[in-house]
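What's counted below: heavy atoms across the whole structure, side chains too, no hydrogens, waters or symmetry copies. Chain A is the first sequence line, chain B the second, and so forth, proteins listed ahead of strands; every chain is numbered from 1.
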Amino acid sequence: MVERPKGTNDYIHPESSLRKIIVEKISNFFEILGYKPIETPIFESVDLFKRSAGVVSDIVSKEMYEFQDKKGRHLALRPEITAPVVRAIIQNNLLQQQIIKLYYVGSIFRYEKPQKDRYRQATQFGVEYLGIENYIADFELIFSIYKLYQSFNLDVEIHVNSIGCKDCRPQYRQKLYEYFSKHKENLCNDCQRRLEENPLRILDCKNPNCKLISKEAPKSIEYLCQNCDKHHKELTNILKFYNVPLIENHYLVRGLDYYNRTVFEVKFEGVDLAGGGRYDYLVNQISEGKYDMPAIGFAGGLERLTNILKEKQNINKFLGENIKINLVSLTNEADKIITGIYTRIINKIAGKKNSIEVNLMKFEKLSKALKIADKMKANYTLFMGEEEIKEDEITIKNMETGKQEKIKVENFMIKFFEEIINIE
RNA sequence: GUGGGUGUAGCUCAGCGGUUAGAGCAGUGGACUGUGGAUCCACGGGUCGGGGGUUCAAAUCCCCUCACCCACCCCA
């Protein structure tokens with residue numbers, strides 16, 4: 001049979017429920033902080049990503065799902081969502097506003113070999129905060145991300161660095177280039193290539209030799225201009241003041257090329273849960289020089305978050321429990337009354353936020369009905385057969401205690417909802 | 001893209017040249033005719049991932065392929 005494409009997933013209960021609840025929690029969290037939802041297409045012009053994220057990055061140069069449509073347009077499934085959001089901001093004239101705060105949850109696509117926490121279709125959530133150049137925006141964002149993960153009972157570490165701005169980065173880059181050039185023969189093949197394209201990324205290499213060489217490499221903070229240095233110090237000071245677990249990692253470089261100044265990653269027990277940074281030039285780049293607006297943002301992986309929650313915590317505490325009710329007709333005569341009760345229950349609860357689940361069923365044998373209810377972990381089985389019909393009654397059985405009682409059909413709604421399960 | 005591991009029942013796995021491929025759990029039916037969970041009994045279910053080869057004989061050995069898992073690269 002036809003199976004799902006490599007690196008993709010089907011999500012079924014309970015994981016699908018867990019994902020839904022996590023997304024709701026994240027959405028609520030950011031709405032409280034003034035962020036509004038945004039959705040953009042899952043495919044965009046290839047150019048958008050090539051110009052923004054940078055041709056040097058693996059994400060864009062090697063891992064993008066590119067295709068042409070029937071008119072020959074060059075399109076790509078989005079490998080990240082920041083560039084599309086910035087494009088949408090410009091295209092919809094949101095730049096009229098002084099401050100733009102947006103959040104999103106959506107799929108990204110990267111053509112890579114799948115493994116743990118890495119899929120070809122993945123879900124990212126994130127925010128983009130535009131309009132404030134001051135370190136206070138960096139603080140707002142990083143602090144809120146820290147609190148977001150804390151709300152899932154995860155005490156994450158924030159790894160942070162500053163990679164400077166267009167004024168000071170070239171100098172640093174030059175220093176790095178000079179330094180690594182001296183050790184060129186000892187660098188791995190990838191890094192020899194990186195030396196010409198983007199020497200900053202050598203710092204990120206996991207090759208032991210490169211790591212050793214990187215250890216003595218000039219650090220970005222030593223070359224920051226006055227403004228960048230001030231920005232970075234103010235940010236780290238205030239984060240420390242509010243006890244955010246900060247790890248200053250002066251070799252932290254991100255995979256997308258549009259960042260400047262602050263870059264950070266969120267880690268839990270060695271797993272990268274999220275990453276982000278400042279991208280003050282991206283609006284200018286995407287609008288082809290027409291507009292300017294400072295910005296900062298982050299993106300987190302939904303699959304990594306759910307996987308950690310599944311591994312580390314009892315997910316039932318996130319799932320919440322419905323009161324599950326099985327409504328069973330045992331005879332043809334009972335059908336009409338049972339369906340009547342069913343429609344009244346639906347009228348009462350439909351569209352409201354409550355925690356009831358109702359299943360309408362028919363069985364010949366009561367023992368079968370109870371067995372099914374047991375398997376389904378139903379809280380109540382309500383049934384009507386020959387016995388009940390005669391007296392115009394329905395039996396309500398509590399599946400946990402085994403106790404049951406008969407009530408008159410005419411009193412059912414009030415008795416059951418108000419006296420038995422306590423829902424108005 | 002590189003390297004390693006695993007594919008046998010719905011699930012977890014055993015079998016690793018030799019009858020008709022097994023177990024536990026799950027499923028269905030019954031013991032028990034309107035009262036579930038426990039116990040016991042019976043039953044159903046498999047092109048042994050797919051293709052090719054070696055052999056009298058292949059789930060088992062060899063080759064190819066696909067999928068999943070893990071590590072590297074890279075990253076969410």
Asker: May I ask you to check whether A:Asn332 and A:Lys362 show a side-chain donor-acceptor distance below 3.5 Å?
Answerer: yes
Asker: Could you tell me whether the side chain of A:Glu388 has a donor or acceptor atom within less than 3.5 Å of a complementary atom in the base of B:G34?
Answerer: yes
Asker: Kindly say if A:Gln115 contacts the phosphate of B:A71, meaning a side-chain N or O under 4.0 Å from OP1 or OP2.
Answerer: yes
Asker: With a 4.0 Å cut-off, would you call A:Glu357 and A:Lys324 a salt bridge?
Answerer: yes
Asker: Using a distance-only criterion (donor-acceptor N/O pair, under 3.5 Å, no hydrogens), is the base of B:U33 paired with the side chain of A:Lys365?
Answerer: no
Asker: Is any side-chain N or O of A:Glu112 under 3.5 Å from a base N or O of B:A76, one able to act as donor and the other as acceptor?
Answerer: yes
Asker: When the aromatic ring centroids of A:Phe363 and A:Phe383 are compared, is their separation below 6.0 Å?
Answerer: no
Asker: Dot-bracket, 5' to 3', for RNA chain B please: Watson-Crick or G-U pairs under 3.5 Å, [ ] where pairs cross earlier ones, | where the partner sits on another strand, dots elsewhere.
Answerer: ((((((((.[[[[.)..(...]]]].(((((.......))))).....[[[[[..)....]]]]])))))))....
Asker: Could you check whether the side chain of A:Arg4 and the base of B:C68 have a donor-acceptor pair of N or O atoms closer than 3.5 Å, going by distance alone?
Answerer: no
Asker: To the nearest Å, give me how far apart CD1 (A:Ile372) and P (B:U28) are.
Answerer: 6 Å
Asker: Contacts to RNA chain B from residues 266-276 of chain A, heavy-atom cutoff under 4.0 Å, which residues?
Answerer: A:Asp272, A:Leu273, A:Ala274
Asker: Are A:Glu405 and A:Lys397 within salt-bridge range, i.e. N to O under 4.0 Å?
Answerer: no
